[in-house]
Protein chains: 2
Amino acid sequence: MQTEFLSILKKNNLSVTESRMKILELFAQANGALAHNDIEKKSKLQFDRVTIYRTLQTFVEKGIIHTIPTADNSVLYALCKDECTQGHHNDNHVHFICDSCNVTYCLEHSNSPSVILPKGFKQNRVDVVVSGICLKCNA
Amino acid sequence: MQTEFLSILKKNNLSVTESRMKILELFAQANGALAHNDIEKKSKLQFDRVTIYRTLQTFVEKGIIHTIPTADNSVLYALCKDECTQGHHNDNHVHFICDSCNVTYCLEHSNSPSVILPKGFKQNRVDVVVSGICLKCNA
DNA sequence: ATATTTTTGCAACATTATTGCATTTTATAT
DNA sequence: ATATAAAATGCAATAATGTTGCAAAAATAT
Ligand SMILES: [Mn+2]
Ligand SMILES: [Mn+2]
Ligand SMILES: [Zn+2]
Ligand SMILES: [Zn+2]
């Protein structure tokens, strides 16, 4: 596992540092997406808040994690599993936010449906965010 | 126009106040969706920030405006054109955010495509947010 | 017109985000 | 292994954003 994180950083020409390794670990362990705040709590007193901001920003730029928009002013992040690269994300999967347990899932296997835009509109990125009740909470 | 705003407020059992009328007007005039901050700027020194927060919240609850999630920690708002009511929104249209001019459009005529969820997941709300280049910027 | 209800503004506070710079850590070259 | 260069971190200061309680003001109901 550690070696995988290491190669992710190397591959992206990023220095290997304690915070970056730790944050990658948090994402890997996480059951769903994480907000900045989650990371802050889970790594209490380990790093500065600023380091977390900068790490997340770097990871997004490099295509290591992707953002998930939510309707409540909290951006979530999750590991990219597709082939995302520097400046070009490719995570066209659906995101599901459970209204009950609040876990956010990357539904890797349900591709974003294609959207038909009016003439003259050029599409770049599509975010499909579904909210509702998840499998666990439904049972 | 004024009379329309008035009837919107009446219909929803809301007192008719200067701030509510003005904010409705801003939405009607707006070329696209507005963020809290946009409203603050456009109504400089007219009302308190807190009033804007509370007005937006009330309007969302009543189904007068709807939220549009974005990936950069800023929630946008736009007038509901469909039949939205207290506690039950019905704006299942696609939103388009132009990367160039930054205007956010409600694409009223392109319904959100239906999403196929894994077994056990129950869907409540779907947000489809497309970003790219809009008609005006493309020309 | 008066009483009641609702909304507003202010102040205080909390949370979240950004920036510059000195120090520390990591990577590179010898 | 050591010295050098490059990059990342922590800290402090500051900005931006969001929340709450309460008294004053405005709107509605009687
Ligand atoms: Mn995802
Ligand atoms: Mn809309
Ligand atoms: Zn759940
Ligand atoms: Zn545009």
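Proteins get letters first, then strands, A, B, ... in listed order; numbering begins at 1 in each. Computed from heavy atoms alone, side chains included, the values below leave out hydrogens, waters and symmetry copies.
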Would you confirm whether Arg20(A), through its side chain, and Ser15(A), through its main-chain N or O, come within 3.5 Å as a donor-acceptor pair?
-> yes
Nearest-angstrom distance from the residue atom CD of Gln46(A) to C1' of dT9(D) = 14 Å
To the nearest angstrom, how far is His36(A) atom NE2 from dT17(D) atom P?
-> 17 Å
Verify the contact: side-chain N or O of Asn73(A) to OP1 or OP2 of dG18(D), cut-off strictly under 4.0 Å; return yes or no.
-> yes
Could you check how far CG of Leu6(B) sits from C1' of dA27(D), rounded to whole Å?
-> 13 Å
Could you pick out which residue, Arg54(A) or Asn37(A), lies toward the 5' side of DNA chain C when each is mapped onto its nearest nucleotide?
-> Asn37(A)
Check whether the side chain of Arg49(A) and the base of dG10(D) form a donor-acceptor pair under 3.5 Å.
-> no
Specify the separation, in whole Å, of atom CD1 of Ile23(A) and atom P of dA8(D).
-> 13 Å
Given atom CD1 of Ile52(B) and atom C1' of dT17(D), what is their separation to the nearest angstrom?
-> 12 Å
Keeping the roles fixed (side chain from Asn73(A), backbone from Val75(B)), state whether a donor-acceptor pair exists under 3.5 Å.
-> yes
First contact, last contact: which nucleotides of DNA chain C are these for chain A, 5' to 3', heavy-atom distance under 4.0 Å?
-> dT16(C) to dA27(C)
With the 4.5 Å side-chain cut-off for hydrophobic clustering, are Val129(B) and Val60(B) part of the same group?
-> no
Can you list the other members of the hydrophobic cluster that holds Val115(A), where links are side-chain heavy atoms under 4.5 angstrom apart?
-> Val94(A), Phe96(A), Val103(A), Tyr105(A), Leu107(A), Leu117(A), Phe121(A), Val126(A), Val128(A), Val130(A), Leu135(A), Val94(B), Phe96(B), Val103(B), Tyr105(B), Leu107(B), Val115(B), Leu117(B), Phe121(B), Val126(B), Val128(B), Val130(B), Leu135(B)
Between Val50(B) and Glu18(B), just flag the one whose closest nucleotide in DNA chain D comes earlier from the 5' side.
-> Val50(B)
Atom-pair distance (OH on Tyr77(B); P on dT17(D)), nearest Å | 13 Å
What integer distance in Å separates Gln57(A):CD from dA7(D):C1'?
-> 15 Å
Nearest-angstrom distance from the residue atom CG of Asp72(B) to P of dA16(D) | 16 Å
Just say parallel, tilted or perpendicular for the rings of His66(A) and His93(A), cut-offs at 30° and 60°.
-> perpendicular
Taking side chain as C-beta onward, heavy atoms only, is Tyr53(A) less than 4.5 Å from Gln57(A)?
-> no
5' priority, DNA chain D, between Ser19(A) and Thr17(B) [closest heavy atom] = Ser19(A)
Under 3.5 Å donor-acceptor, Asn12(B) side chain and Leu14(B) backbone | no
